[in-house]
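Ligands are counted one by one from 1 in listed order, and the atoms in each one are counted from 1 as well. Heads up: numbering here begins at 1 and tracks the sequence. As the structure is a computational prediction, the values presented were derived from the model and not from experiment. Atoms considered below: every heavy atom in the structure, side chains included; atoms not considered: hydrogens, waters and symmetry mates.
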Amino acid sequence: MVDISAIENSRRRIKEHIEPTPFVCSAVLSEICGVPVNLKLEHHQTTGSFKIRGATNAILRLTEAERARGVIAVSTGNHGRALAHAARAVGSKATICMSKLVPENKVSEIRRLGADVRIIGNTQDEAQEEVDRLVRDNGLVLLPPFDHPDIIAGQGTIGLEIVEAMPDVATILVPISGGGLAAGIAAAVKALRPQTRVIGVSMQRGAAMKASLDAGRPVLVEEVRTLADALGGGIGLDNKLTFAMCQTLLDDFVLLNESEIAAGIRHAYEKEREVIEGSGAVGVGALLASKIAGLHGPVAVLLTGRNIDMELHRRIVCGMNNPLEGEN
Ligand SMILES: *Cc1c(COP(=O)(O)O)cnc(C)c1O
(Lines give C-alpha, C1' and ligand atoms only; values in the text may rest on other atoms or scores of the structure.)
Protein backbone atom coordinates (compact mmCIF):
# COMPACT_ATOMS: atom_id res chain seq x y z
CA MET A 1 0.00 0.00 0.00
CA VAL A 2 1.06 3.58 -0.63
CA ASP A 3 1.43 5.41 2.70
CA ILE A 4 1.35 9.03 3.77
CA SER A 5 5.13 9.45 3.72
CA ALA A 6 5.20 8.52 0.01
CA ILE A 7 2.45 11.07 -0.56
CA GLU A 8 4.29 13.78 1.38
CA ASN A 9 7.48 13.04 -0.60
CA SER A 10 5.49 13.25 -3.78
CA ARG A 11 4.16 16.65 -2.77
CA ARG A 12 7.72 17.96 -2.29
CA ARG A 13 8.73 16.48 -5.65
CA ILE A 14 5.91 18.01 -7.73
CA LYS A 15 5.68 21.30 -5.83
CA GLU A 16 7.62 23.38 -8.37
CA HIS A 17 5.61 21.94 -11.25
CA ILE A 18 2.04 22.02 -9.95
CA GLU A 19 -0.01 24.75 -8.32
CA PRO A 20 -2.33 23.81 -5.46
CA THR A 21 -5.89 24.16 -6.77
CA PRO A 22 -8.64 26.36 -5.26
CA PHE A 23 -10.96 24.81 -2.68
CA VAL A 24 -14.12 26.94 -2.67
CA CYS A 25 -17.38 26.97 -0.77
CA SER A 26 -20.49 26.18 -2.79
CA ALA A 27 -23.23 28.30 -1.25
CA VAL A 28 -25.91 26.57 -3.32
CA LEU A 29 -24.87 22.99 -2.53
CA SER A 30 -24.35 23.89 1.14
CA GLU A 31 -27.92 25.13 1.26
CA ILE A 32 -29.33 22.13 -0.61
CA CYS A 33 -27.45 19.64 1.61
CA GLY A 34 -27.79 21.50 4.91
CA VAL A 35 -24.05 21.10 5.64
CA PRO A 36 -21.01 23.06 4.39
CA VAL A 37 -19.92 21.83 0.94
CA ASN A 38 -16.57 22.81 -0.59
CA LEU A 39 -15.46 22.09 -4.14
CA LYS A 40 -11.86 21.14 -4.94
CA LEU A 41 -11.28 22.60 -8.40
CA GLU A 42 -8.86 20.06 -9.87
CA HIS A 43 -10.16 20.78 -13.37
CA HIS A 44 -8.23 24.06 -13.14
CA GLN A 45 -4.96 22.14 -13.57
CA THR A 46 -2.90 22.92 -16.69
CA THR A 47 -3.99 19.77 -18.54
CA GLY A 48 -7.59 20.13 -17.39
CA SER A 49 -7.51 17.31 -14.84
CA PHE A 50 -5.82 16.16 -11.61
CA LYS A 51 -3.95 13.44 -13.56
CA ILE A 52 -1.01 15.83 -13.98
CA ARG A 53 -0.13 15.22 -10.31
CA GLY A 54 0.50 11.50 -10.61
CA ALA A 55 2.01 11.73 -14.09
CA THR A 56 4.45 14.45 -13.00
CA ASN A 57 5.44 12.54 -9.87
CA ALA A 58 6.04 9.35 -11.85
CA ILE A 59 8.06 11.07 -14.59
CA LEU A 60 10.24 12.89 -12.04
CA ARG A 61 11.03 9.53 -10.38
CA LEU A 62 12.47 8.07 -13.59
CA THR A 63 16.22 7.88 -14.24
CA GLU A 64 17.74 9.74 -17.19
CA ALA A 65 18.09 6.43 -19.02
CA GLU A 66 14.41 5.62 -18.51
CA ARG A 67 13.33 9.05 -19.71
CA ALA A 68 15.46 8.57 -22.82
CA ARG A 69 13.63 5.30 -23.62
CA GLY A 70 10.27 7.09 -23.59
CA VAL A 71 7.12 6.35 -21.57
CA ILE A 72 3.89 4.62 -22.52
CA ALA A 73 0.39 4.18 -21.12
CA VAL A 74 -3.13 3.22 -21.95
CA SER A 75 -5.58 6.03 -21.27
CA THR A 76 -9.18 7.22 -21.45
CA GLY A 77 -7.67 10.61 -22.33
CA ASN A 78 -6.77 12.58 -19.23
CA HIS A 79 -3.86 10.44 -18.05
CA GLY A 80 -2.52 10.44 -21.60
CA ARG A 81 -2.67 14.22 -21.78
CA ALA A 82 -1.00 14.58 -18.38
CA LEU A 83 1.72 12.10 -19.27
CA ALA A 84 2.35 13.75 -22.65
CA HIS A 85 2.68 17.12 -20.89
CA ALA A 86 4.94 15.83 -18.11
CA ALA A 87 7.12 13.85 -20.54
CA ARG A 88 7.61 16.83 -22.81
CA ALA A 89 8.61 18.99 -19.83
CA VAL A 90 11.60 16.70 -19.13
CA GLY A 91 12.51 16.08 -22.77
CA SER A 92 11.05 12.57 -22.87
CA LYS A 93 8.51 11.20 -25.33
CA ALA A 94 5.13 9.70 -24.50
CA THR A 95 3.25 7.03 -26.45
CA ILE A 96 -0.45 6.92 -25.59
CA CYS A 97 -2.68 4.00 -26.58
CA MET A 98 -6.43 4.60 -26.53
CA SER A 99 -9.59 2.81 -27.64
CA LYS A 100 -12.08 4.24 -30.14
CA LEU A 101 -14.32 5.20 -27.17
CA VAL A 102 -12.01 8.10 -26.20
CA PRO A 103 -13.59 11.41 -27.31
CA GLU A 104 -11.87 13.17 -30.23
CA ASN A 105 -11.28 16.40 -28.28
CA LYS A 106 -9.12 14.45 -25.81
CA VAL A 107 -7.20 12.63 -28.55
CA SER A 108 -6.36 15.83 -30.42
CA GLU A 109 -4.98 17.55 -27.31
CA ILE A 110 -2.66 14.61 -26.68
CA ARG A 111 -1.42 14.81 -30.29
CA ARG A 112 -0.89 18.55 -29.90
CA LEU A 113 1.46 17.85 -26.97
CA GLY A 114 3.69 15.84 -29.28
CA ALA A 115 2.81 12.34 -28.09
CA ASP A 116 2.74 9.28 -30.34
CA VAL A 117 -1.00 8.50 -30.35
CA ARG A 118 -2.33 5.04 -31.19
CA ILE A 119 -6.04 4.29 -31.42
CA ILE A 120 -6.62 0.56 -31.01
CA GLY A 121 -9.81 -1.46 -30.61
CA ASN A 122 -13.05 -0.73 -28.82
CA THR A 123 -11.93 -1.21 -25.23
CA GLN A 124 -9.11 -0.20 -22.94
CA ASP A 125 -8.13 -3.86 -22.65
CA GLU A 126 -7.49 -4.00 -26.40
CA ALA A 127 -5.44 -0.79 -26.26
CA GLN A 128 -3.51 -2.31 -23.34
CA GLU A 129 -2.38 -5.18 -25.57
CA GLU A 130 -0.62 -2.66 -27.82
CA VAL A 131 0.99 -1.11 -24.72
CA ASP A 132 2.28 -4.52 -23.61
CA ARG A 133 3.66 -5.18 -27.10
CA LEU A 134 5.55 -1.85 -27.23
CA VAL A 135 6.96 -2.33 -23.74
CA ARG A 136 8.18 -5.78 -24.77
CA ASP A 137 9.46 -4.97 -28.27
CA ASN A 138 10.63 -1.34 -27.98
CA GLY A 139 11.58 -1.08 -24.30
CA LEU A 140 9.26 1.82 -23.50
CA VAL A 141 8.72 2.54 -19.79
CA LEU A 142 5.21 1.72 -18.57
CA LEU A 143 3.47 4.41 -16.47
CA PRO A 144 -0.11 3.16 -16.15
CA PRO A 145 -3.05 5.46 -15.32
CA PHE A 146 -3.76 4.25 -11.77
CA ASP A 147 -2.16 0.98 -10.59
CA HIS A 148 1.32 2.34 -9.84
CA PRO A 149 2.73 3.60 -6.50
CA ASP A 150 4.05 6.91 -7.91
CA ILE A 151 0.76 7.68 -9.67
CA ILE A 152 -1.25 6.92 -6.50
CA ALA A 153 1.12 9.02 -4.36
CA GLY A 154 0.85 11.95 -6.77
CA GLN A 155 -2.96 11.90 -6.76
CA GLY A 156 -2.87 11.55 -2.96
CA THR A 157 -1.40 15.05 -2.62
CA ILE A 158 -4.96 16.34 -3.13
CA GLY A 159 -5.89 14.67 0.17
CA LEU A 160 -3.17 16.62 2.00
CA GLU A 161 -4.47 19.91 0.55
CA ILE A 162 -8.07 19.13 1.51
CA VAL A 163 -7.28 18.27 5.14
CA GLU A 164 -5.07 21.35 5.55
CA ALA A 165 -7.78 23.64 4.18
CA MET A 166 -10.66 21.88 5.98
CA PRO A 167 -9.26 20.12 9.09
CA ASP A 168 -12.74 18.98 10.19
CA VAL A 169 -13.72 17.48 6.82
CA ALA A 170 -16.22 14.68 7.50
CA THR A 171 -16.96 13.36 4.01
CA ILE A 172 -15.00 13.41 0.75
CA LEU A 173 -16.68 12.51 -2.54
CA VAL A 174 -14.21 11.14 -5.09
CA PRO A 175 -14.98 10.20 -8.70
CA ILE A 176 -13.54 6.72 -9.21
CA SER A 177 -12.47 4.57 -12.10
CA GLY A 178 -9.28 2.55 -11.59
CA GLY A 179 -9.04 3.97 -8.09
CA GLY A 180 -5.63 5.68 -8.13
CA LEU A 181 -7.21 8.97 -7.10
CA ALA A 182 -9.46 7.48 -4.41
CA ALA A 183 -6.69 5.24 -3.04
CA GLY A 184 -4.21 8.12 -2.82
CA ILE A 185 -6.66 10.54 -1.26
CA ALA A 186 -7.96 7.97 1.22
CA ALA A 187 -4.41 6.96 2.21
CA ALA A 188 -3.51 10.58 2.95
CA VAL A 189 -6.75 11.54 4.65
CA LYS A 190 -7.17 8.43 6.81
CA ALA A 191 -3.62 8.82 8.12
CA LEU A 192 -4.34 12.39 9.21
CA ARG A 193 -8.00 12.08 10.15
CA PRO A 194 -9.21 8.47 10.36
CA GLN A 195 -12.83 9.39 11.02
CA THR A 196 -13.28 11.15 7.66
CA ARG A 197 -15.44 9.13 5.28
CA VAL A 198 -14.14 8.73 1.74
CA ILE A 199 -16.87 7.79 -0.73
CA GLY A 200 -16.29 6.68 -4.30
CA VAL A 201 -18.70 7.88 -6.98
CA SER A 202 -19.00 6.35 -10.42
CA MET A 203 -21.47 5.72 -13.24
CA GLN A 204 -23.93 2.83 -13.46
CA ARG A 205 -22.74 2.12 -17.01
CA GLY A 206 -19.62 0.03 -16.43
CA ALA A 207 -18.16 0.82 -13.00
CA ALA A 208 -15.38 -1.78 -12.86
CA MET A 209 -14.15 -0.98 -9.33
CA LYS A 210 -17.65 -1.26 -7.87
CA ALA A 211 -18.24 -4.60 -9.63
CA SER A 212 -14.84 -5.81 -8.42
CA LEU A 213 -15.40 -4.75 -4.79
CA ASP A 214 -18.80 -6.50 -4.87
CA ALA A 215 -17.19 -9.65 -6.28
CA GLY A 216 -14.28 -9.52 -3.83
CA ARG A 217 -11.74 -9.66 -6.70
CA PRO A 218 -11.00 -7.73 -9.90
CA VAL A 219 -13.58 -8.57 -12.56
CA LEU A 220 -14.21 -7.52 -16.16
CA VAL A 221 -17.12 -5.26 -17.04
CA GLU A 222 -18.53 -4.40 -20.42
CA GLU A 223 -17.27 -1.02 -21.63
CA VAL A 224 -20.04 1.20 -22.99
CA ARG A 225 -20.48 4.85 -23.83
CA THR A 226 -21.22 7.13 -20.86
CA LEU A 227 -21.08 10.83 -20.08
CA ALA A 228 -18.41 9.86 -17.53
CA ASP A 229 -16.03 8.65 -20.26
CA ALA A 230 -12.93 9.07 -18.07
CA LEU A 231 -14.36 6.55 -15.59
CA GLY A 232 -14.63 3.72 -18.15
CA GLY A 233 -12.44 0.64 -18.54
CA GLY A 234 -11.35 -2.18 -16.28
CA ILE A 235 -9.14 -2.12 -13.18
CA GLY A 236 -6.87 -4.90 -14.53
CA LEU A 237 -7.42 -8.54 -13.58
CA ASP A 238 -3.89 -8.54 -12.13
CA ASN A 239 -4.48 -5.31 -10.18
CA LYS A 240 -1.69 -4.90 -7.62
CA LEU A 241 -2.49 -1.84 -5.50
CA THR A 242 -5.68 0.11 -6.08
CA PHE A 243 -8.16 -2.73 -5.61
CA ALA A 244 -6.76 -3.70 -2.20
CA MET A 245 -6.42 -0.06 -1.13
CA CYS A 246 -9.99 0.78 -2.15
CA GLN A 247 -11.24 -2.39 -0.43
CA THR A 248 -9.55 -1.31 2.81
CA LEU A 249 -9.94 2.47 2.70
CA LEU A 250 -13.24 3.36 1.01
CA ASP A 251 -16.29 3.81 3.26
CA ASP A 252 -18.97 3.70 0.60
CA PHE A 253 -19.56 3.65 -3.12
CA VAL A 254 -22.44 5.19 -5.07
CA LEU A 255 -23.40 4.93 -8.75
CA LEU A 256 -25.20 7.48 -10.91
CA ASN A 257 -27.30 7.10 -14.03
CA GLU A 258 -26.67 9.27 -17.09
CA SER A 259 -29.25 11.96 -16.28
CA GLU A 260 -27.85 12.32 -12.75
CA ILE A 261 -24.41 12.90 -14.27
CA ALA A 262 -25.89 15.43 -16.72
CA ALA A 263 -27.53 17.22 -13.76
CA GLY A 264 -24.10 17.49 -12.12
CA ILE A 265 -22.58 19.05 -15.27
CA ARG A 266 -25.51 21.47 -15.56
CA HIS A 267 -25.37 22.48 -11.90
CA ALA A 268 -21.60 23.07 -12.08
CA TYR A 269 -22.11 25.36 -15.06
CA GLU A 270 -25.21 27.28 -14.00
CA LYS A 271 -24.65 27.59 -10.26
CA GLU A 272 -20.91 27.28 -9.78
CA ARG A 273 -19.88 28.79 -13.16
CA GLU A 274 -17.55 25.89 -13.89
CA VAL A 275 -17.21 23.79 -17.06
CA ILE A 276 -16.86 20.17 -15.93
CA GLU A 277 -16.73 16.89 -17.84
CA GLY A 278 -19.09 14.09 -16.84
CA SER A 279 -16.48 12.19 -14.82
CA GLY A 280 -15.70 15.33 -12.85
CA ALA A 281 -19.36 16.04 -12.13
CA VAL A 282 -20.37 12.78 -10.43
CA GLY A 283 -19.70 14.10 -6.90
CA VAL A 284 -22.00 17.07 -7.47
CA GLY A 285 -24.51 14.74 -9.17
CA ALA A 286 -24.48 12.43 -6.16
CA LEU A 287 -25.32 15.31 -3.79
CA LEU A 288 -28.09 16.63 -6.06
CA ALA A 289 -29.61 13.14 -6.32
CA SER A 290 -29.36 12.66 -2.50
CA LYS A 291 -27.38 9.47 -3.09
CA ILE A 292 -25.19 9.69 0.02
CA ALA A 293 -26.79 7.88 2.95
CA GLY A 294 -26.38 9.78 6.25
CA LEU A 295 -24.38 12.65 4.80
CA HIS A 296 -22.10 14.24 7.38
CA GLY A 297 -20.56 17.68 6.85
CA PRO A 298 -18.36 19.46 6.18
CA VAL A 299 -18.17 17.86 2.75
CA ALA A 300 -15.39 18.09 0.16
CA VAL A 301 -16.32 17.29 -3.45
CA LEU A 302 -13.69 16.72 -6.11
CA LEU A 303 -14.27 18.31 -9.51
CA THR A 304 -11.68 16.25 -11.35
CA GLY A 305 -11.68 17.33 -14.99
CA ARG A 306 -12.98 19.78 -17.58
CA ASN A 307 -12.03 18.07 -20.85
CA ILE A 308 -15.52 17.70 -22.26
CA ASP A 309 -16.42 18.18 -25.91
CA MET A 310 -17.96 21.65 -25.87
CA GLU A 311 -20.78 20.75 -28.26
CA LEU A 312 -21.78 17.94 -25.90
CA HIS A 313 -21.54 20.40 -22.99
CA ARG A 314 -23.83 22.83 -24.81
CA ARG A 315 -26.43 20.14 -25.38
CA ILE A 316 -26.38 19.20 -21.70
CA VAL A 317 -26.65 22.74 -20.34
CA CYS A 318 -29.50 23.33 -22.80
CA GLY A 319 -31.38 20.58 -20.97
CA MET A 320 -30.59 17.24 -22.61
CA ASN A 321 -30.29 14.51 -20.01
CA ASN A 322 -29.00 11.71 -22.18
CA PRO A 323 -27.30 13.17 -25.26
CA LEU A 324 -25.37 9.95 -25.97
CA GLU A 325 -28.57 7.89 -26.30
CA GLY A 326 -28.61 5.93 -29.54
CA GLU A 327 -24.84 6.12 -29.95
CA ASN A 328 -24.13 2.67 -28.52
C1 LIG B 1 -8.99 9.44 -14.30
C2 LIG B 1 -10.12 10.28 -13.87
C3 LIG B 1 -10.89 9.94 -12.75
C4 LIG B 1 -10.71 8.65 -11.96
O5 LIG B 1 -9.40 8.43 -11.51
P6 LIG B 1 -8.93 6.94 -11.11
O7 LIG B 1 -7.62 7.13 -10.45
O8 LIG B 1 -8.81 6.16 -12.39
O9 LIG B 1 -9.97 6.36 -10.23
C10 LIG B 1 -11.89 10.82 -12.36
N11 LIG B 1 -12.16 11.94 -13.05
C12 LIG B 1 -11.44 12.30 -14.15
C13 LIG B 1 -11.79 13.55 -14.86
C14 LIG B 1 -10.40 11.47 -14.58
O15 LIG B 1 -9.71 11.83 -15.67
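If you number the atoms of ligand 1 from 1 as listed, the ones under 4.0 Å from a heavy atom of Gly180 come out as 6 (P), 7 (O), 9 (O). Ligand 1 places these atoms under 4.0 Å from at least one heavy atom of Ile176: 9 (O). Residue Asn78 approaches ligand 1 through these ligand atoms, each under 4.0 Å from one of its heavy atoms: 13 (C), 14 (C), 15 (O). Numbered from 1 in the order shown, with element, the atoms of ligand 1 that lie under 4.0 Å from a heavy atom of Gly179 read 6 (P), 7 (O), 8 (O), 9 (O). The distance from ligand 1 to the heavy atoms of Gly305 drops below 4.0 Å at these ligand atoms: 13 (C).
Other residues, nucleotides and ligands contribute over 12 non-hydrogen atoms within 6.0 Å of the CD atom of Glu311. By the 6.0 Å contact criterion, NZ on Lys271 is open, its count of non-hydrogen atoms from other residues, nucleotides or ligands being 12 or less. Residue-environment remark: CZ (Arg61) stays at or below the threshold of 12 foreign heavy atoms within 6.0 Å. Atom CD of Glu19 has 12 or fewer heavy atoms from other residues, nucleotides or ligands within 6.0 Å.
In terms of protein heavy-atom proximity, atom 8 (O) of ligand 1 is nearest to Gly178 N, 3.0 Å. Lys51 NZ, 1.3 Å is the protein heavy atom nearest to atom 1 (C) of ligand 1. Remark: minimum distance from atom 10 (C) of ligand 1 to any protein heavy atom is reached at Leu231 CD2, 3.4 Å. Protein heavy atom at the shortest distance from atom 5 (O) of ligand 1 is Phe50 CZ, 3.5 Å.
Residue Thr304 places at least one N or O, backbone or side chain, under 3.5 Å from an N or O of ligand 1. Considering backbone and side-chain N/O of Leu181, one or more are found under 3.5 Å from N/O of ligand 1.
No side-chain donor from either of Glu8 and Ser5 sits under 3.5 Å from a side-chain acceptor of the other. Between the side chains of Asn9 and Arg12, at least one donor-acceptor pair of N or O atoms lies under 3.5 Å. If you check the side chains of Ser49 and Glu42, you find no donor sitting under 3.5 Å from an acceptor.
For the salt bridge (charged side-chain N to carboxylate O under 4.0 Å, His left out) test with Glu161, the passing option among Arg53, Arg11, Lys15 is Arg53; the others fail.
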